[in-house]
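Each remark here refers to the structure printed beneath this line.
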Protein chains: 2
Amino acid sequence: MPKKAKQRGPVNVKAVETLKKRMKPEPVIAQLSETFKALGDPTRTRILLALCDLALCVYDLALLLNMSQSAISHQLGVLRHLKLVKYKRQGRGVYYSLDDEHIRHLLYEGIKHVEE
Amino acid sequence: MPKKAKQRGPVNVKAVETLKKRMKPEPVIAQLSETFKALGDPTRTRILLALCDLALCVYDLALLLNMSQSAISHQLGVLRHLKLVKYKRQGRGVYYSLDDEHIRHLLYEGIKHVEE
DNA sequence: CTTATATATGAATATATGTTCATATATATT
DNA sequence: AATATATATGAACATATATTCATATATAAG
């Protein structure tokens, strides 16, 4: 009767191998975490929450959040780059809005978690 | 006939005032962005995705993600602190799992956005 | 065309963050 | 009890990031 194999590591060496194969591909994970990271800054969170209600220009956002125009513009750049917001020139200002309904859902899902 | 009031700022001074009152309170926004920030690091994203499928111990996670035990443990500390994961000692290891179904939904919603 | 207004952007700086290394703590095994 | 295994944690360091300041770009108003 064979000696019982000494267990290497707590458990699931086999399960780990299976999981390794099922893991989402690297680029998907990278984009996923970048998206969450974009939502994970107070200023950007506030910008996105505001845009849930209404398209706003940089000037208005700066007013609303009581921050410098430059700071807002830099953050909008980040959100723009990640396609979380879209924008369109209109009159004097550039108006930003959520790019996608998914963004809204993400925010609401997050709020649900926080406010439970 | 009164001179047309010169428009200060592009537009919505009034709308901005209304929005200001409707904004989520500061602590909610802080917690919200902290939650997203926690999801916004590749290592933590991978940990959470793995835990979507299966409870795993530190050792297994380190194996799965090909990272040092210490790095994983530090990140689990972050997730633990934010109540995104729960854990329980079992046999030799400490097994981590998602704390909450909301976390799973958040991840799925994020994946939907990324994979569209 | 000239001036005022609105936005974007580069550089600099202060701060936050992730990993490593060393080591402490805790449980299991013998 | 002694040893091996598993996890947690503090300090240090390198890197990333958010805001400010100065200024460039772009459109509107006169």
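By convention in this document, chain letters (A, B, ...) are assigned in the order of the sequence lines, proteins followed by strands, and residues within each chain are numbered from 1.
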Task: Contact summary for L98(A) and K86(A), nearest pair of heavy atoms - done: O-CE, 3.5 Å
Open item on the list: Please report the distance, rounded to the nearest Å, between CD in E34(A) and C1' in dG18(C).
Closed with: 16 Å
Task: Residues E101(A), R104(A): salt bridge by 4.0 Å N-O rule - done: yes
- [ ] By nearest nucleotide on DNA chain D, pick out whichever of V78(A) and Q90(A) is the more 5' one.
- [x] V78(A)
Task: Strand contacts (DNA chain D) in residues 62-76 of chain B, 4.0 angstrom heavy-atom criterion - done: Q69(B), S70(B), S73(B), H74(B)
Task: Value in whole Å for how far the C1' atom of dA8(D) lies from CG of L61(B) - done: 15 Å
Task: E109(B)/K112(B) ion pair, N-O < 4.0 Å - done: yes
Task: Partner of I47(B) by side-chain contact (heavy atoms from CB on, under 4.5 Å), out of L64(B), D41(B), L56(B), L61(B) - done: L61(B)
TODO: Answer yes or no: does a side-chain N or O of Y87(B) lie under 4.0 Å from OP1 or OP2 of dA6(D)?
DONE: no
Task: side-chain N/O K37(A) vs dT17(D) OP1/OP2, d < 4.0 Å - done: yes
- [ ] Would you kindly give the CD1-to-C1' distance between I47(A) and dA18(D), to the nearest whole Å?
- [x] 12 Å
Open item on the list: Is it true that, when you exclude K20(A) itself, more than 12 heavy atoms of the residues, nucleotides or ligands shown sit nearer than 6.0 Å to its NZ?
Closed with: yes
Open item on the list: I'd like to know if the side chain of R44(A) and the backbone of K37(A) have a donor-acceptor N/O pair within less than 3.5 Å.
Closed with: yes
- [ ] Give the minimum heavy-atom separation between K24(A) and I29(A), together with the two atoms involved.
- [x] O-CD1, 3.5 Å
- [ ] Mind checking the CG-OG spacing from L48(B) to S33(A)? Nearest 0.5 Å is all I need.
- [x] 11.0 Å
Open item on the list: From C-beta outward on R92(B), which listed nucleotide comes closest to its side chain: dA8(D), dT5(D), dA18(D)?
Closed with: dT5(D)
TODO: Return no unless some side-chain N or O of R89(A) is found under 4.0 Å from OP1 or OP2 of dA28(D).
DONE: no
- [ ] Classify the ring geometry between F36(B) and F36(A) as parallel (under 30°), tilted (30 to 60°) or perpendicular (over 60°).
- [x] parallel
Task: Overall bend - the helix from dC1(C)-dG30(D) to dT30(C)-dA1(D), comparing terminal axes fitted on five pairs, nearest 10 degrees - done: 30°
Task: Between dA6(D) (C1') and D60(B) (CG): distance, integer Å - done: 11 Å
TODO: Would you mind reading off the distance between R44(B) atom CZ and dA16(D) atom C1', rounded to a whole angstrom?
DONE: 13 Å
Open item on the list: It should be established whether R80(A) places a side-chain nitrogen or oxygen under 4.0 Å from OP1 or OP2 of nucleotide dA8(C).
Closed with: yes
Open item on the list: Base, sugar-phosphate or nothing for G77(B)? Non-hydrogen atoms, less than 4.0 Å.
Closed with: nothing
- [ ] Ignoring backbone atoms, test whether Y59(A) places a side-chain nitrogen or oxygen under 4.0 Å from the OP1 or OP2 oxygen of dA8(C).
- [x] no
- [ ] Starting at atom CZ of F36(B), determine the distance to atom P of dA16(C), rounded to an integer number of angstrom.
- [x] 22 Å
Open item on the list: In whole Å, I'd like the distance from the OH atom of Y95(A) to the P atom of dA8(C).
Closed with: 13 Å
Open item on the list: Using side-chain heavy atoms (C-beta onward) and a distance below 4.5 Å, is V114(B) in contact with E34(A)?
Closed with: no
